[in-house]
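By convention here, the first residue in the shown sequence is residue 1. For the numbers below, each heavy atom of this structure counts, side chains included, while hydrogens, waters and symmetry mates do not.
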Amino acid sequence: MSFNQERFKQAMKNSKLTTQKLVDKLYSDFGIEITLDGIKYYTRKGSKSSPSTEKLSAIAKILNVTTDYLLGKDMEVITKVIPLIGKSSCGKPKDYDLNGYEPVPIPADMYRTGMYAIEAEGNSMTPKINEGDIVYCCPNQVVDSGKIVHYWLDGESGIKRYKINETGTIISLIPVNSDHDIITIHCDDNIELRMAKVVGKIDKDF
């Protein structure tokens with residue numbers, strides 16, 4: 001089955017990625033080198049070319065869809081649900097009631113046991129995560145420095161980029177929007193910090 005150009009274009013639109021950003025992420029996240037023209041070749045009118053299995057799998061993961069979707073197979077892409085547990089601040093952390101449980105659909109190939117979703121509130125993570133976006137979180141994955149997390153800090157809930165210094169003594173929770181402050185935590189302080197890795201999202205206008 002050949003590469004479905006229309007579904008690829010729609011997935012790119014939904015992810016709000018430019019073609020250059022896709023090229024960059026293929027290299028940074030998967031070590032796959034491809035040029036802008038290489039990507040555009042797949043979507044050229046009349047083109048029958050398809051990405052290799054490796055490239056197709058990487059593109060699907062970046063765009064939060066399945067390889068079957070990009071190949072135009074008629075199947076239900078979303079087959080799992082996870083609980084939407086409430087809102088979380090993309091700004092100054094707030095004390096939220098996270099006891100509500102509403103089902104949210106998620107692509108089956110993204111699903112992991114224990115996953116949940118939260119609704120972003122605020123603009124500290126714009127344009128990466130915008131107010132109203134539904135964010136997928138996985139508490140059972142190792143969080144590497146530089147990844148975006150949903151966290152609880154002294155009972156307050158927020159979303160930021162997590163970084164830890166080389167000596168493992170200072171944690172920084174960093175906004176994408178530079179108008180907001182960085183939260184700095186000294187690891188020897190008596191502060192409770194819990195985190196879940198952010199693994200995807202649904203845009204509010206999806």
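A distance of 7.5 Å separates OG1 of Thr184 from CD1 of Ile170, quoted to the nearest 0.5 Å.
Applying the salt bridge (charged side-chain N to carboxylate O under 4.0 Å, His left out) test to pairs two or more places apart or on separate chains, none has a residue in residues 144-173.
Residues Asn4 and Leu71 approach most closely at CB-C, 4.1 Å, considering heavy atoms. Of all heavy-atom pairs spanning Tyr116 and Ile118, the tightest one is CE1-CG2, 3.9 Å. Shown here for Pro83 and Met115, the closest heavy-atom pair between the two residues is CD-O, 3.5 Å. Considering all non-hydrogen atoms of both residues, Cys138 and Arg112 come closest at SG-CB, 3.9 Å. Cys187 and Gly168 get closest at one heavy-atom pair: SG-O, 3.5 Å.
Distance alone, capped at 3.5 Å, places no donor-acceptor pair between the Lys201 side chain and the Asn130 backbone. In terms of modelled atom types and a separation under 3.5 Å, the side chain of Asp133 and the main chain of Ala120 share no donor-acceptor contact. With hydrogens and angles disregarded, no donor-acceptor distance shorter than 3.5 Å links the side chain of Arg194 to the backbone of Trp152. Remark: side-chain polar atoms of Gln5 are paired, donor with acceptor, to backbone N or O of Arg44 under 3.5 angstrom. One N or O on the side chain of Ser88 and one on the backbone of Gly158 form a donor-acceptor pair closer than 3.5 Å.
Counting Ile, Leu, Val, Met, Phe, Trp and Tyr side chains that sit under 4.5 Å apart, directly or through other members, Ile174 shares a hydrophobic cluster with Ile182. Hydrophobic cluster membership of Leu153, counting Ile, Leu, Val, Met, Phe, Trp and Tyr whose side-chain heavy atoms lie under 4.5 Å apart directly or via other members: Val143, Val149, Tyr151, Tyr162, Ile164, Ile171, Leu173, Ile183, Ile185, Ile191, Leu193, Met195.
Checked against side chain to side chain contact (heavy atoms under 4.5 Å, CB included), Asn177 has the following partners two or more places apart in sequence or in another chain: Asn123, Asp179, His180. Scanning for ring-ring contact (aromatic ring centres under 6.0 Å, His included) contacts around Phe8 gives Phe3, with sequence neighbours left out.
Using a 4.5 Å heavy-atom threshold, the side chains of Tyr69 and Gln10 count as touching. Between His150 and Val135, the closest side-chain pair of non-hydrogen atoms is not below 4.5 Å. Proximity of Ser50 to Leu56: side-chain heavy atoms (C-beta onward) are nowhere separated by under 4.5 Å.
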### Message
If you apply the rule side-chain hydrogen bond (donor to acceptor under 3.5 Å, both in side chains), what do you find for Thr66 with Asp68, and how did you get there?
### Response
CA-CA 5 Å; Thr66 65; Asp68 283 341; 5.3 Å; no

Pairs of donor and acceptor atoms involving the side chains of residues 26-40, under 3.5 Å and at least two apart or interchain, shall be tabulated with distances.
from	atom 1	to	atom 2	distance (Å)
Ser28	OG	Asp24	O	3.1
Asp29	OD2	Lys25	NZ	3.1
Thr35	OG1	Gly38	N	3.0

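Within a 6.0 Å radius of NZ in Lys92, other residues, nucleotides and ligands contribute 12 heavy atoms or fewer.
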